[in-house]
Amino acid sequence: MTDHLIEPRVPRDLHAFIASLPKAELHVHHVGSASPRIVSELAARHPDSMVPTDPEALVDYFTFTDFAHFIKVYLSVVDLIRTPEDVRLLTYEVARDLARQQVRYAELTITPFSSTRRGIDEGAFMDAIEDARKAAEADFGTVLRWCFDIPGEAGLEAAEETTRLATDDRVRPQGLVSFGLGGPEIGVPRPQFKPYFDRAIAAGLRSVPHAGETTGPETVWDALNHLRAERIGHGTSSAQDEKLLAHLAEHRIALEVCPTSNIATRAVRTLDEHPIKEFVKAGVMVTINSDDPPMFGTDLNNEYAVAARLLDLDERGLADLAKSAVEASFLDTAGKARIKEEIDTHTSAWLAP
Ligand SMILES: O=C(O)c1cccc(C(=O)CC[C@H]2O[C@@H](n3cnc4c(=O)[nH]cnc43)[C@H](O)[C@@H]2O)c1
Ligand SMILES: [Zn+2]
């Protein structure tokens, strides 16, 4: 969507600084990143779909009454991805949109189960994302890595299939770095996924489940204790538990905060009630992310502007936030150092008299 759901009141100069700041995006969904341009192209390929092609109509279609409604709409967009060519187009075009925002590195959450169960051949699926990843790096300079997530509501069959795709050396893609758990939390207890996360971790993947987005802090504890989470997707309700905040801070477990998403899915009532300030006050490592940007009428730049307003940040504060995302990423040490240096160089040049 072009109209931002939330227009943060920050000076024009700060918007320009954010737009040109090199950034890393750690929590963004593959299908959830399909822009109106991409959705229109896919819907034209598959005219029997329920999804509107007109961008105006998409604004209404992407207005959610609650989290369950959001997932229903999300799955209708998933239904537009039917062939390896659709997967390749989506992935490459998402990278283009990230590059336009000066995103140098992104960990894209992909739900391969949703595609393989709809009949896309698993080898062709992996080839499509890998081909797009390599082309995006060559054409746009944006480095992509994958997080494969279990769609929790689809149960243990989905968990088994996702784990197989993520751990079988004959299938798993080169760009895969982490393993996640998404979808609704209510009625989907995290501990049942422990054996699958154990296998993924044993295969060298990092654990990054969604937790505490729509349920309380006990879900975040479950993600830490049972799924050995190294970062938490959202973690919003952590603010309700001081001991949990202290634990996250002590163990440097970063929260992938997605402010506009939390408003759009009604997980948080208003932006001013968002607990991001409490996270920072408690010393928790915070990263800023966009989740499903076009569906929520946002993008990563807008999320940084929201963060600037909520945390009262200037250019240096925003640069620190961008560096936190790089630090919390699963990039290698040299890759992290390169982007952090670029952020510092950019910031110093911007602030030079
Ligand atoms: O694909 C299927 O066949 C299927 C069957 C049953 C359930 C599901 C899902 O639950 C898919 C949910 C899907 O949502 C993605 N997602 C995107 N944004 C978020 C978010 O903010 N919080 C949680 N999940 C999110 C997630 O990646 C899942 O793939 C699918
Ligand atoms: Zn998410």
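Residues: numbered from 1 along the sequence shown. Note that ligands are numbered from 1 as they come in the structure, with each ligand's atoms numbered from 1 the same way.
Using 4.0 Å as the threshold, His30 has no heavy atom nearer than that to any atom of ligand 1. At a 4.0 Å cut-off, at least one heavy atom of Arg118 sits close enough to ligand 1 to count as contact. Remark: distances from the non-hydrogen atoms of Pro184 to ligand 1 include one below 4.0 Å.
Protein heavy atom in closest approach to atom 29 (O) of ligand 1: Thr111 OG1, 2.7 Å. The protein non-hydrogen atom at the shortest distance from atom 21 (O) of ligand 1 is Asp291 OD2, 2.7 Å. Atom 18 (N) of ligand 1 has Asp292 OD2, 2.7 Å as its closest protein atom, hydrogens excluded (heavy atom only). Among all non-hydrogen protein atoms, the one lying nearest atom 1 (O) of ligand 1 is Ser114 OG, 2.5 Å. Among protein heavy atoms, the minimum distance from atom 6 (C) of ligand 1 is reached at Ala154 CB, 3.6 Å. Atom 26 (C) of ligand 1 has as its closest protein heavy atom Asp149 OD2, 3.3 Å. Scanning all protein heavy atoms for the shortest distance to atom 23 (C) of ligand 1 gives Gly183 N, 3.2 Å. Protein heavy atom in closest approach to atom 7 (C) of ligand 1: Glu153 OE1, 3.6 Å.
Under 2.8 Å from the Zn ion (ligand 2) lies an N/O/S atom of His29, whether from backbone or side chain. Coordination check, His234 versus the Zn ion (ligand 2): failed, since every N/O/S atom of the residue sits at 2.8 Å or beyond.
Here's the thing with Gly182: none of its N/O atoms is less than 3.5 angstrom from an N/O atom of ligand 1. Residue-to-ligand polar distances keep His27 apart from ligand 1: every N/O pair is separated by 3.5 Å or more. When only interatomic distances are considered, the shortest N/O to N/O separation between Ser261 and ligand 1 does not fall below 3.5 Å. Residue contacts with ligand 1: Thr109 is placed with no nitrogen or oxygen under 3.5 Å of a nitrogen or oxygen of the ligand (distance criterion only).
Using a 4.0 Å cut-off between heavy atoms, Thr265 makes no contact with ligand 1 at all. Neither the backbone nor the side chain of Phe148 has any atom closer than 4.0 Å to an atom of ligand 1 (non-hydrogen atoms only).
Considering only heavy atoms from C-beta on, Val268 comes within 4.5 Å of Thr236 through its side chain.
Residue Ile71 approaches ligand 1 through these ligand atoms, each under 4.0 Å from one of its heavy atoms: 12 (C), 14 (O). Under a 4.0 Å criterion applied to the non-hydrogen atoms of Phe67, ligand 1 contributes the atoms 22 (N), 23 (C). Residue contact check: Phe70 has heavy atoms under 4.0 Å from atoms 17 (C), 18 (N), 19 (C) of ligand 1. In summary, the atoms of ligand 1 found under 4.0 Å from a heavy atom of His234, numbered by their order in the structure, are 21 (O).
Only one option out of Val143, Leu144, Leu108, Thr142 pairs with Arg133 in a side-chain contact (heavy atoms from CB on, under 4.5 Å); it is Leu144.
Under the 4.0 Å criterion applied to side-chain N and carboxylate O atoms, Asp241 and Lys243 are not assigned as salt-bridge partners. A salt bridge is absent between Arg145 and Glu107: the closest approach of a Lys/Arg side-chain nitrogen to an acidic carboxylate oxygen does not fall below 4.0 angstrom. The pair Arg316-Asp344 fails the salt-bridge criterion, with no side-chain N (NZ, NE, NH1 or NH2) lying under 4.0 Å from an Asp/Glu carboxylate O. Using a cut-off of 4.0 Å between Lys/Arg side-chain N and Asp/Glu carboxylate O, Glu122 and Arg172 are scored as not salt-bridged. Ionic pairing of Asp312 and Lys277 is not present here: no N-O contact between side-chain nitrogen and carboxylate oxygen is shorter than 4.0 angstrom. For Asp198 and Lys194, the salt-bridge test passes: some basic side-chain N is under 4.0 Å from an acidic carboxylate O. In this structure, Arg88 does not pair ionically with Asp127, as no charged nitrogen and carboxylate oxygen lie closer than 4.0 Å. Between Asp66 and Arg266, none of the side-chain N atoms (NZ, or NE/NH1/NH2) sits under 4.0 Å from a carboxylate O, so this pair counts as no salt bridge. Using a 4.0 Å cut-off between charged nitrogen and carboxylate oxygen, Arg96 and Asp139 do not count as a salt-bridge pair. Taking the charged nitrogens against the carboxylate oxygens, Arg164 and Glu161 do have a contact shorter than 4.0 Å, which makes a salt bridge.
Among heteroatoms of the N, O or S kind in His27, NE2 lies nearest the Zn ion (ligand 2). Looking at Asp291 and the Zn ion (ligand 2) together, the shortest N, O or S contact belongs to OD1.
The aromatic rings of His234 and His27 stand perpendicular to each other, their planes meeting at an angle above 60°, with 30° marking the opposite boundary.
Of all the listed residues (Leu181, Leu75, Ile150), Leu75 holds the heavy atom that lies closest to atom 4 (C) of ligand 1. Selection from Glu213, His29, Arg117 by nearest heavy atom to atom 5 (C) of ligand 1 gives Arg117. Taking all heavy atoms of Pro151, Cys147, Ala211, Ala68 into account, the minimum distance to atom 8 (C) of ligand 1 is reached by Pro151.
Residue-environment remark: CZ (Arg45) exceeds the threshold of 12 foreign heavy atoms within 6.0 Å. Applying the 6.0 Å contact sphere to CZ of Arg199 captures more than 12 heavy atoms from other residues, nucleotides or ligands.
Between the side chains of Thr270 and Glu273, a donor-acceptor pair is found at a separation under 3.5 Å.
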